[in-house]
2 protein chains.
Amino acid sequence: MAVHPTRQRKAIHQAMMLAPGPLSPNDILSLATQEVPKLGIATVYRTINLLLEAGDIQAVPINANDVRYEPCDRGHHHHFLCRVCNTVYDIKGCAGQIAKMLPADFEMDEHEILIHGTCAECKAVD
Amino acid sequence: MAVHPTRQRKAIHQAMMLAPGPLSPNDILSLATQEVPKLGIATVYRTINLLLEAGDIQAVPINANDVRYEPCDRGHHHHFLCRVCNTVYDIKGCAGQIAKMLPADFEMDEHEILIHGTCAECKAVD
DNA sequence: GTCGATGCAAAAACTTTGCATATTC
DNA sequence: GAATATGCAAAGTTTTTGCATCGAC
């Protein structure tokens, strides 16, 4: 990571690296607190903003009042929100033909796909 | 609309119907205030929540701290966020192959695509 | 010892709620 | 006149900021 690695920042970065998909600030706090018990939410937000500016992580908007963050180094992928357990998973692969959807003279830089449904684990349970 | 149509609610509903894409609560307030000058933000939020519960509108998460809302009756479509003017446009059509991206045993209900780029108007200006 | 990072608490921003007044039928 | 909706202001939340202290070199 580009920012000075302290114990706190390592724990925050670690939490995001190990997760199967993007995490909310609170998820990050919960996970990183296991490593650094006195960690405060302000440090989580400050670190998120540093990592965003450094281009190391990106925001993934999931819902009203639900943004999650993930490392940028995972390659092109998309997301799956399980409506049962509320986990967001990374999904490899990509739909084709995205650029063809655009009206004339619209120029595409990037695209995000969010799939809603039920994950394998939750489907097995019910 | 399913809820009792008052002047305020009509103006709020109208603003969303006429827009080229989803609007933020503040967008809605600005537009509807032209019709009902003393409209308060609380009424906007209350109306948004009523319409959400009634299933007449849906939330479109765009960014960290940026949710917008749109009528549900527009048929299947996706969204385009212009990085210059920050407008979100509806995009007709849909990429194929979305379900094929899923890992085994994941079940898809719906999907959303958000394209980032520059809209025709902003591209013409620069 | 200097410099930057942290925690706590206060502030700002965003959203919801309470309540007295206003509006609709 | 009863019932519901509104505006304003207060209360909740979420995120950011200020500041004194702590920690790393």
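By convention in this document, chain letters (A, B, ...) are assigned in the order of the sequence lines, proteins followed by strands, and residues within each chain are numbered from 1.
- For L29(A) and dT14(D), the CG to P distance is 13 Å, given to the nearest whole Å.
- Judged as a ring-ring contact (aromatic ring centres under 6.0 Å, His included), the pairs with a partner in residues 107-126 of chain A (not counting sequence neighbours) are, in order, H76(A)-H111(A), H78(A)-H111(A).
- dT16(D) atom C1' lies 13 Å from atom CD of E53(A), rounded to whole Å.
- Close to dT16(C), at under 4.0 Å from its OP1 or OP2, lies a side-chain N or O of N49(B).
- Residues near V84(B) contribute nothing to a hydrophobic cluster around it, because no ILVMFWY side-chain heavy atom sits closer than 4.5 Å to its side chain.
- For residues 104-113 of chain B, the salt bridge (charged side-chain N to carboxylate O under 4.0 Å, His left out) pairs, not counting sequence neighbours, are R83(A)-D109(B), R83(A)-E110(B), K123(A)-E107(B).
- Checked against ring pair (Phe, Tyr, Trp, His ring centres under 6.0 Å), F106(B) has the following partners two or more places apart in sequence or in another chain: F80(A), Y89(A).
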Handout entry: Per-nucleotide protein contact string for nucleotides 6-13 of chain C (B base, S sugar-phosphate only, - none; heavy atom under 4.0 Å)
Key = SBB-----
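- For N65(A), the side chain to side chain contact (heavy atoms under 4.5 Å, CB included) criterion is met by no residue, not counting sequence neighbours.
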